2 protein chains.
Amino acid sequence: MTATTPDQDQDNLAYDVFAKACPSRTTLEHVTGRWGGLTLGALFEGTLRFNELRRRVDGVSEKMLSQTLHALERDGLVHRAAQPTNPPRVDYDLTPLGRQVAERLLALIHCVEGSMDDVLAARARYDETRGAL
Amino acid sequence: MTATTPDQDQDNLAYDVFAKACPSRTTLEHVTGRWGGLTLGALFEGTLRFNELRRRVDGVSEKMLSQTLHALERDGLVHRAAQPTNPPRVDYDLTPLGRQVAERLLALIHCVEGSMDDVLAARARYDETRGAL
DNA sequence: CGGGATCCAATTTGATACTG
DNA sequence: CAGTATCAAATTGGATCCCG
């Protein structure tokens with residue numbers, strides 16, 4: 001491979017989230033957004049139907065779930081299987097790509113959950129010293 | 001250490017992001033929020049000053065950066081070192097905890113960046129089939 | 001049941017201006 | 001330089017109604 005591709009040396013910077021206009025930024029936002037992350041997390045455990053998902057992701061509205069699901073489906077992270085029965089039944093599950101992403105996301109989530117004691121302690125300290133000043 | 005702490009067996013579910021009222025949810029939002037993630041990512045590479053950070057995180061406003069930084073500092077992920085010089089100089093860097101979290105976050109970011117070709121392809125497919133319907 | 005469309009309220013965000 | 005304060009605009013979020 002000659003030097004035709006500038007940024008291929010070590011970091012694969014074809015897409016850079018730090019750049020305002022990069023599409024990776026919007027995808028990252030779908031993934032890490034308020035509901036995107038929880039949705040992926042829920043689906044990581046297995047296939048779910050719309051209302052199951054809604055119950056699992058505590059606090060999400062129909063609209064937001066629907067919207068989130070569309071974005072994730074469009075990005076190829078979630079697969080939607082609609083069955084033409086009556087009443088209708090639609091199953092959602094992760095694509096292989098979605099599974100990869102969700103894995104990293106869950107690692108992050110668990111890391112945060114596991115550090116909450118430290119976080120809470122830090123908050124208490126911050127609030128104290130700030131009030132004492 | 002005796003069995004005084006109930007949830008230490010395997011999953012450490014003392015904090016559950018899926019629960020609406022759990023503090024871990026707010027911390028996760030600070031971390032994965034629009035600017036939190038990019039800020040942590042930028043600081044992972046090294047100490048930065050306020051305006052350096054602002055330049056690095058393309059598109060962030062003063063206000064949002066300031067707000068983001070406060071939240072992350074309060075959560076104990078970012079350390080703020082202000083020097084009483086003139087002009088003032090303030091250095092930001094990650095705490096050990098922040099480093100742990102940022103590592104997972106970057107794994108996620110790189111995973112997404114590395115999958116963008118697939119994502120873009122999926123989007124094109126989605127938009128097509130949708131327009132054709 | 002699974003959602004789309006709509007309307008409205010609440011939040012978030014971003015310029016801009018100002019301070020130490 | 002490193003922020004805070006303020007205000008208006010953009011976005012998000014939710015409740016509701018409706019349809020297949």
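None of the values given here were measured: they were computed from a predicted structure.
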Closer than 4.0 angstrom, basic N to acidic O: yes or no for B:Arg89 and B:Asp91? yes
In whole angstroms, how far is the P atom of D:dG3 from the CD atom of B:Gln83? 12 Å
Between atom CZ in B:Arg49 and atom C1' in D:dG3, what is the gap in whole Å? 13 Å
From CZ (B:Arg125) to CG (B:Asp118), nearest 0.5 Å: 8.0 Å
Is the backbone N or O of B:Met64 less than 3.5 Å from a side-chain atom of B:Thr68, with the two atoms forming a donor-acceptor pair by type? yes
From CZ of A:Phe50 over to P of D:dG20, roughly how many Å is that when rounded to an integer? 18 Å
For residues B:Cys111 and A:Arg104, report the shortest heavy-atom separation together with the two atoms involved. SG-NH1, 3.9 Å
Where the side chain of B:Arg25 meets the backbone of B:Phe18, is there a donor-acceptor pair that is under 3.5 Å apart? yes
Examine the side chains of A:Arg34 and A:Thr39 and answer whether a donor and an acceptor come within less than 3.5 Å of each other. no
In numerical order, the residues of residues 70-80 of chain B whose heavy atoms come under 4.0 Å of DNA chain C are none
In whole Å, I'd like the distance from the NE2 atom of A:His30 to the C1' atom of D:dT11. 13 Å
Determine whether a donor-acceptor pair (N or O, by modelled atom type, separation under 3.5 Å) exists between the side chain of B:Glu113 and the backbone of B:His110. no
In 5'-to-3' order, the base (B), backbone-only (S) or no-contact (-) status of each nucleotide in nucleotides 14-20 of chain C, using a 4.0 angstrom heavy-atom cut-off, is BB-B--B
Whole-Å gap separating P (D:dG3) and CZ (B:Arg89): 12 Å
How many whole angstroms separate atom CG of A:Asn51 from atom P of C:dG3? 9 Å
Interatomic distance, B:Tyr92 OH vs D:dA2 P [rounded to whole Å]: 8 Å
Is a side-chain N or O of B:Asp58 found less than 3.5 angstrom from the main chain of A:Lys20, in a donor-acceptor match? yes
Within the distance-only criterion (no hydrogens, no angle test), does the side chain of A:Arg74 pair as donor or acceptor with the backbone N or O of B:Ala122 below 3.5 angstrom? no
What's the CZ-P distance between A:Arg54 and C:dG3, to the nearest Å? 12 Å
Using heavy-atom distances to pick each residue's nearest nucleotide on DNA chain D, tell me which of B:Ser66 and B:Arg55 is more 5'. B:Arg55
